[in-house]
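The structure appears right after this line, and notes come after that.
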Protein chains: 2
Amino acid sequence: METLRGAVPLSHYFLRERVQPGDVVVDATCGNGLDTALLAELVGQEGTVWAFDVQPRAIAATRELLQQEGRLAQVRLVEAGHERLAEFVTPGVRAAAFNLGYLPGGDTTFITDPANTISALGQAAELLAPAGIITIALYTGHAGGPEEAAAVEGWAAALHPGRFNVWRHRQLNRPETAPYLVLVERIR
Amino acid sequence: METLRGAVPLSHYFLRERVQPGDVVVDATCGNGLDTALLAELVGQEGTVWAFDVQPRAIAATRELLQQEGRLAQVRLVEAGHERLAEFVTPGVRAAAFNLGYLPGGDTTFITDPANTISALGQAAELLAPAGIITIALYTGHAGGPEEAAAVEGWAAALHPGRFNVWRHRQLNRPETAPYLVLVERIR
């Protein structure tokens, strides 16, 4: 069992509880492919993971990881920004994972863009199945990070409480700049 | 499946994931017995729920509910404040649930006392098994509520990050006074 040590482990905890074999899910920012790999494990051979990234090296890294794990068959890799989500994915999504900021080990000036992120989140929220969730890992330690986090929180706070449960999860005994998680759940 | 609509459903979500049949768990504030009932279901006949409340009517209500559900056998009801936890419970606790504020439907001037609560939380943290959790539902809408919540957050923020993961969960699209949850997890 993973302990809840950080925003990504907490997001995995919610994804593991919610995602079932056969589900359709989205990794909006596949990066090095770690979230894609978890999602591919959870949906199994009957499910589908849509994995987006605007950077070719992220798509290549994710392809390599999933191939190693023998789970590439259930993954659709899309080399495009997540703001194009609704062009590819149809409604009924069980979970969409967003891991914002920059590609780990990559160019730190190449960061997710708040306007694109908010557009993608809006599309993901509309594509969710009842009881479907969006996990959003947020980083405020890099340039542009606080502004992106504020934009995401503003978007999330405006979601109708009759349609969505929206939680912000922060670690009380870690620095203010520690990554944190926003969770959006569509009410069934 | 319960949706994550409020602090208590979110606490139940964590308890359901973590508590296994045969475990020893604590309901530090049994109130009307709803948390005790969930915990009794989760630990099963081989497990033990220690349920504390300083108010006789809370103990009576919990006994009645658990009897109706046929799960009284695995529950030890203790009519005492939770600050006496360590007098009764031995180490190895999988989960301890705290639901602060006042007894639902009871006397709203009879509220949990911050000093007792902090004492009880400290005892619970030391009794936890590795990977054990404490869930703390906090209410700031009644007199004394904000002070108690501040005391709990101060206690939680001071827990050593090498020993405990500490999360605060708030709903972004609800009023500031909405109940919220603090989760403490002992790192294994």
Side-chain angles (χ1 to χ4, degrees), chain A residues 1-7 9-20 94 121 125 128-136 138 149-150 152-176 178-188, chain B residues 1-7 9-20 94 121 125 128-136 138 149-150 152-176 178-188:
Chain A
M1 185 163 49
E2 245 174 332
T3 68
L4 304 176
R5 188 152 191 78
L10 184 63
S11 74
H12 287 188
Y13 180 92
F14 287 113
L15 294 170
R16 282 184 186 283
E17 190 266 353
R18 203 50 62 105
V19 178
Q20 304 296 323
R94 179 72 57 197
L121 286 169
L128 284 183
I133 59 171
I134 304 174
T135 62
I136 314 159
L138 290 160
V152 169
E153 288 200 24
W155 170 80
L159 290 171
H160 194 293
R163 289 192 65 207
F164 296 98
N165 296 318
V166 181
W167 290 91
R168 181 183 58 196
H169 314 269
R170 299 199 79 131
Q171 290 180 276
L172 282 177
N173 64 344
R174 304 296 289 273
E176 271 293 310
Y180 68 102
L181 186 74
V182 168
L183 177 78
V184 172
E185 178 190 50
R186 182 170 160 193
I187 298 167
R188 64 175 61 218
Chain B
M1 183 165 48
E2 248 175 331
T3 68
L4 304 175
R5 190 152 190 77
L10 184 63
S11 75
H12 286 187
Y13 180 91
F14 286 113
L15 294 170
R16 282 185 187 281
E17 191 265 352
R18 203 52 61 103
V19 178
Q20 304 296 322
R94 179 72 56 195
L121 286 169
L128 284 183
I133 59 172
I134 303 173
T135 62
I136 314 159
L138 290 159
V152 170
E153 289 201 23
W155 170 80
L159 289 171
H160 194 294
R163 288 192 65 207
F164 296 97
N165 295 319
V166 182
W167 290 92
R168 181 182 59 197
H169 314 268
R170 297 200 81 129
Q171 289 180 277
L172 281 177
N173 65 343
R174 304 296 288 273
E176 272 292 309
Y180 68 103
L181 187 73
V182 169
L183 177 79
V184 173
E185 178 191 48
R186 182 168 160 196
I187 297 167
R188 66 176 59 219

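Lettering of chains follows the sequences in order, A, B, ..., and the numbering in each one begins at 1.
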Return the minimal non-hydrogen interatomic distance between A:Asn165 and B:Gln171, and the atom names on each side. OD1-NE2, 4.4 Å
Closest non-hydrogen atom pair between A:Leu172 and B:Ala157, with its separation: O-CB, 3.5 Å
Quick check on B:Val184 against chain A: is it the side chain, the backbone, both or neither that has a heavy atom closer than 4.5 Å? neither
From B:Ile133 CD1 over to A:Thr3 OG1, what is the distance, rounded to the nearest 0.5 angstrom? 12.5 Å
So, taking the atom named NE2 in B:His169 and the one named CZ in A:Arg170, what distance separates them when rounded to the nearest 0.5 Å? 13.0 Å
Evaluation steps, side-chain contact (heavy atoms from CB on, under 4.5 Å), between A:Arg5 and B:Ile187: CA-CA 8 Å; A:Arg5 188 152 191 78; B:Ile187 297 167; 3.3 Å; yes
Is the backbone of A:Leu10 close enough, under 3.5 Å, to the side chain of B:Trp167 for a donor and an acceptor to pair up by distance? no
I'd like to know if the side chain of A:Asn173 reaches the main chain of B:Ala158, judged simply by a donor and an acceptor atom lying under 3.5 Å from each other, with no hydrogens or angles considered. no
Contacting moiety of A:Arg168, where chain B heavy atoms sit under 4.5 Å: both
